[in-house]
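To keep things clear, I will list the structure first and then write my remarks on it.
Just so we're on the same page: letters track the sequence lines, and every chain starts at 1. These numbers come from the heavy atoms of this one structure, side chains and all, not from hydrogens, waters or symmetry mates.
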Amino acid sequence: MTAQEATPPVLDIRDLHIEFDTRRGVLKAIDGVSMQIAPGEILGVVGESGAGKSLTGTAITGLLEKPGRISTGEIRLEGKRIDNLSQEQMRRLRGREIGAIFQDPLTSLNPLYTIGHQLVETIRTHLPMSMKEARQHAIRMLEEVGLPAPETRIDQYPHQFSGGMRQRVVIALALCVEPRLVIADEPTTALDVSVQAQIIAVLKRLCREKGTAVMLVTHDMGVIAEAADRVAVMYAGRLVEVGPVADVVKQAKHPYTRGLMNSIPTILNDVDRLEQIEGSMPRLAAIPDGCAFNPRCPHVLSRCRTERPDLIAVENSEAACWLVENPVIHERHTPATPTTGPVADHCRGANA
Amino acid sequence: MLAVAFIAFSMFSFVGDPVTNMLPQDATLEQRTALQERLGLNESLPVQFGKFVTNAVQGNFGISYRNQRLVSDLIAERFPATMELVFAAVVMSLVIGIPMGVYTALKRDSWLSHLLQALSLTGISVPTFVTGILLILVFSVWLNWLPSFGRGEVVELGWWSTGLLTVSGIKAMIMPVITLSLFQITLIMRLVRAEMLEVLKTDYIRFARARGLTNRVVNFSHALRNTLMPVITITGLQIGALIAFAIITETVFQWPGMGLLFMQAVSFVDIPVMSAYLVMVSLIFVVINTIVDMLYFVVDPRLRVDTGQNKAGA
């Protein structure tokens, strides 16, 4: 993080809480999340379904729907608070300063309008351009995202494009007015693997060129390893670990992250069964005291059940785990190490 | 349509003997057979049907038993009245129903939405003849503002007689149109509301918002246009229903249209008129459905492009 101290981060989230008012009481969906993204940086946000990844993204774009609301915390875009802006002010930011890419390119485009219409409409909403200029700009954008023959394809309708091509169009739409930040919510999940790599490459190249910061929400560790500079791991609405991608992937500090990494199949190790983390993520209404991960953690301490750990700096990363405070447990960990079920507390010695 | 023609024809072949109605009580047997011969009722059923179809294709539906006039003349006389009534009702239900639907979908929690929703329930559940009679009671009998029956003065434009060009014609039209369109307004409103709520949840609407488009653009150019597809379908189908409902409305207001003609024909077992009416209505249905299919073509590009140029699509 030292390299980024000079310039203010593009995105700065501080102690964000998002709550849902339901008939059965208040559910905390996001519980004290803080993260920063520097200019040109790609932050990967990973976690299981329901961990709050997409919700964080939605809150940043100001499109949180009732009954969800930000209860406390701040979201700053280039130093300016944006979480308390009016609807209209927020609308001006959306698309202009914050671009968004959604999961399913097949449904993110309006089927009744040509892609050119949708691009021109977005450009003219934010930039003072004539129809002609906007159209030229749109063609340039389509060229940049690698769409072949943009001059003719600009007048076609979304259903005339393949999934990968549509996602390129979506990226063009998100980047057409050069926003400072792009929230990419599972941009490749709906695509097949060979197309995924191309889309990630396009996204990465464009953001490098334009210095756009990216929040890349996904549960695909492969995508993260390929694209992200830093990784934030979320669990049950909290951040459990943040760090440079190499550290998080190779030397995860938090037992949850380690579990995630172990559950990725590799070609090198021939195993019969994939590692998995026992149990499942708690429901929002039933998050345990202390560390949210404690019922599933193989290294659980008695302290974990009562006291909630904050992010603690270890080496280049930060992890919200009491274990990292304890020098005994602070071991060199390799992804191939087996974790054995919930009663592995005493096995720690063997791993070390 | 052939099927409708057959049903119309065969049904009325069995509903009674028109000859009895047409002749005086003391008619002789010779008079009866002479009339039967003139009307072609002495031939076998298939022959009668064959004649009926060949004549119908040429626009000749025979002679009305009751009026002793050409059925095609009778229909042509009444057709403009019904069509004006029906299309005024359609226009009214769209012009009022769509904005109300959009409003209730966008402002789901405002008191006006709740009020409109409640009113629409009434609109759906009150039968046409009740609203018609209530309107007559209030505006004709109590307030004496509007005429309770007829078309008022009409102007002849070639073969088309219109009531839209005279004050009394328009005044006479107000209540029948309201009666006829009340149900349609509520139907269109509820349909637009439901569709709109559905469309507003879709990804492309979320994405349109995420692109920072103004609410006006998102709601009206993106959401509403996607909402219109089912509205077109239903409106097309409802025009048919309106013609059917027009029978009741026309009876209540003594509107000189096809529906009233049909009602009178039914009470006199005037078979040529009834079958001609049914065939006309089915013709209108077919024409409207064709128009609706063509409208799809205009609204939805997905149906359009694949037929002609597939240049860069492959």
Okay, A:I183 and chain B: the region with an atom under 4.5 Å from a heavy atom over there is neither
Taking A:R94 for the side chain and B:R209 for the main chain, is one N or O donor matched with an acceptor at less than 3.5 Å?
-> yes
Passes side chain to side chain contact (heavy atoms under 4.5 Å, CB included), A:L112 versus B:N226? Steps please. CA-CA 7 Å; A:L112 300 186; B:N226 278 282; 3.5 Å; yes
Between A:R91 and B:G212 the two heavy atoms that sit nearest each other are NH1-O, 2.8 Å
(request) Taking A:H126 for its side chain and B:L213 for its backbone only, find out whether a donor-acceptor pair lies under 3.5 Å. (result) no
Only one of A:V170, A:N110, A:D104 passes side chain to side chain contact (heavy atoms under 4.5 Å, CB included) with B:F207, and that residue is A:V170
Q. With no hydrogens and no angle check, is any side-chain donor or acceptor of B:R211 less than 3.5 Å from a backbone partner on A:Q118?
A. yes
Assess whether atom CZ of A:R69 is packed by more than 12 heavy atoms of other residues, nucleotides or ligands within 6.0 Å. yes
* To do: Output, in order, the C-alpha distance, side-chain angles, deciding distance and verdict of side chain to side chain contact (heavy atoms under 4.5 Å, CB included) for A:E121 and B:H222.
  => CA-CA 11 Å; A:E121 157 191 82; B:H222 284 264; 2.9 Å; yes
> What do you reckon, is CD of A:E65 surrounded by more than 12 foreign heavy atoms closer than 6.0 Å?
Replying inline: no
In this structure, CG of B:N215 is separated from CD of A:Q87 (nearest 0.5 Å) by 7.0 Å
- Please check if the side chain of A:Y113 supplies one atom and the backbone of B:S221 the other of a donor-acceptor pair under 3.5 Å. yes
Most heavy-atom pairs under 4.5 Å with chain B, out of A:L109, A:T61, A:L93, belong to A:L109
